[in-house]
Amino acid sequence: MNRRTVWGLVFVALVVAATATTVYFEGRERLAETGGRSPLRLGMDLQGGVMLVMEVQEPATGPLTPQVVEDARLAMERRIDQLGIVEPVVESLKGDNWRRIIVSLPGVTDLESALNVVGRQGSLSFKLNGVTVLSGGDLLAEANAGFSSRTREPAVHIVLKPAHAREFARITREHVGEMIEIYLDDEPVVGGVIQTEIPDGRGEISGGDIDLKKAAEISAILRGGVLPAPVEHKETRFVDPTLGAEISRKSLIAGVIGIAAVFAYMVAFYRMPGVLACLALSLYIGIVAAVFMSLGATLSLAGIAGFILSIGMAVDANIIIFERIKEELRSGKRVRSAVEAGFTRAWSAILDGNATTLIAAAILFYFGSTRVQGFALTLSIGILTSMFTAIVITRILLRAVTDPRTSLGPRFFGALGGERK
């Protein structure tokens, strides 16, 4: 083999090693997080979860408008994002139900916790001897779950904004020895005696029934912001995880059957190039899995559809290349020359076809809903990876088998008889 072919095979080996390493370590980490259920993040349609129907009520400050509903939706979305729930969907309804917001939380089965995060008003206030001395929706600059520096118990660490911090310093300075309590939505959370002035606006909420889970919830509520109007819980729908598991199983079976059929077709019609294309396609599947795991992307049914479609695009690129190679062989070229010419002449058609699909995927991602965005993202990753494996990996492998020392005749390429070797 010449030096270019050897370096090409070394490159393929490095890609395989990098892909296998990423899949192994990322998959092991994901399995640990999911309790062994899946090496990938799964959407609600595959792993189950809870769907809440919330209705925004009339605010105390004025009439209920679509903008108030949208502000409430955004506040809920921010709170859920703070909890790290994967691929939540928070969307407003249209028409007669425009006051309602649908909140879908994949993997969440604790209804009380979900309602606590999305349904609480989120207004923080400080009361001195039962009298409110500091309150409002914009008091905090920071709110983080952690542990108390004094008792090592779970706590919410808060930092007041500068203007409120100065006011809080004055209050604590003038009322040393008196009782101060922190309220969340008019419910007492924690209280204690002021021991000394608190000049920097830093404090912590701990004690009582606050554990790590509740500390995380309170932090998410405070960081997400106050809801602009009260919300009322109207309906709850649970998506059974067993249903998601059954869908996952059937999707896996369908994917295996589809890939096996593609492999059989490629080998039957294109012989040796078909075998190499199957190897490249196997690497393609591994690379896509590695990219998904590295990005922490969520796989839903729409994502599976995008992945299967991208497999079709990957095979399509190989078919275009192989048909061009067969045409070059029929014209009388030697195998190695036909391979190089086939790749060169097929490139423009592959580029145009994939570019138009990527443009469509970008439009879907920009204008689509969350589910549509998942489909578009999966499709885009698949297309870019398929171009890499079809143009780079398959070409390196074909160069290796058409090397002068290992060159195979046209009959191994599915071409018509009579061609020159």
Side-chain angles (χ1 to χ4, degrees), residues 59-61 71-86 88 90 113-231:
T61 56
D71 291 343
R73 187 193 70 79
L74 291 173
M76 292 180 185
E77 195 169 58
R78 287 193 299 269
R79 292 178 179 183
I80 296 169
D81 288 342
Q82 298 296 333
L83 285 178
I85 296 174
V86 180
V90 185
S113 175
L115 285 174
N116 186 49
V117 171
V118 302
R120 298 197 68 159
Q121 192 81 16
S123 178
L124 191 70
S125 61
F126 294 81
K127 294 188 177 184
L128 188 66
N129 298 322
V131 179
T132 301
V133 292
L134 199 61
S135 67
D138 62 343
L139 294 179
L140 300 181
E142 296 179 26
N144 299 289
F147 293 90
S148 170
S149 58
R150 295 177 291 101
T151 64
R152 305 307 302 168
E153 295 178 345
V156 180
H157 297 279
I158 60 174
V159 179
L160 296 174
K161 291 182 178 179
H164 301 298
R166 289 191 293 270
E167 177 65 13
F168 191 64
R170 183 192 64 79
I171 293 170
T172 54
R173 181 174 61 251
E174 295 177 358
H175 296 276
V176 173
E178 298 181 33
M179 174 69 72
I180 191 169
E181 292 180 298
I182 300 177
Y183 281 70
L184 184 62
D185 294 342
D186 296 325
E187 293 182 11
V189 178
V190 67
V193 176
I194 301 174
Q195 302 292 336
T196 183
E197 176 187 346
I198 303 176
D200 56 4
R202 295 179 178 272
E204 62 182 37
I205 304 173
S206 62
D209 61 347
I210 295 180
D211 53 16
L212 275 178
K213 181 180 178 182
K214 189 164 185 179
E217 291 174 4
I218 294 174
S219 299
I221 292 170
L222 296 177
R223 288 197 303 270
V226 179
L227 296 181
V231 295

Response to the item:
In terms of heavy-atom contacts, A165 and G201 come closest through CB-CA, 3.7 Å
Worksheet, complete the sentence: The reported gap from CG in L227 to CZ in R73 (rounded to nearest 0.5 angstrom) is 12.5 Å
Discussion item. Side chains of I180 and H175, heavy atoms from C-beta outward: is any pair under 4.5 Å?
Written reply: no
Practice prompt. To the nearest 0.5 angstrom, please state how far the CZ atom of F126 sits from the CD atom of E167.
Written response: 11.5 Å
Practice prompt. Looking only at non-hydrogen atoms, find the nearest pair between I80 and V118 and report the distance.
Written response: CD1-CG1, 3.8 Å
Discussion item. Under a 3.5 Å distance rule, please check whether H157 uses its side chain to pair with a backbone N or O of F147 as donor and acceptor.
Written reply: yes
Worksheet entry | Straight-line distance of R170 CZ to L134 CG, nearest 0.5 Å | 9.5 Å
Worksheet, complete the sentence: Rounding to 0.5 Å, atoms CD (E174) and CD (E197) come to a distance of 9.5 Å
Item to complete: Start with the C-alpha distance between M76 and V231, add both sets of side-chain angles, then the distance that settles side-chain contact (heavy atoms from CB on, under 4.5 Å), and finish with yes or no.
Response: CA-CA 11 Å; M76 292 180 185; V231 295; 3.7 Å; yes
Worksheet entry | Closest non-hydrogen atom pair, V156 against A215 | CG2-O, 3.5 Å
Worksheet item: What are the two closest non-hydrogen atoms of P230 and P59, and how far apart are they?
Response: CD-CA, 4.2 Å
Worksheet entry | Distance in Å, E142 CD paired with L160 CG, rounded so as to fall on 0.5 Å steps | 11.0 Å
Worksheet entry | Closest non-hydrogen atom pair between S125 and T132, with its separation | CB-CG2, 4.4 Å
Discussion item. Distance check, rounded to the nearest 0.5 Å: N144 atom CG versus I218 atom CD1?
Written reply: 13.0 Å
Discussion item. Using every non-hydrogen atom in the two residues, find where S219 and A145 come nearest and quote the distance to one decimal.
Written reply: OG-N, 3.1 Å
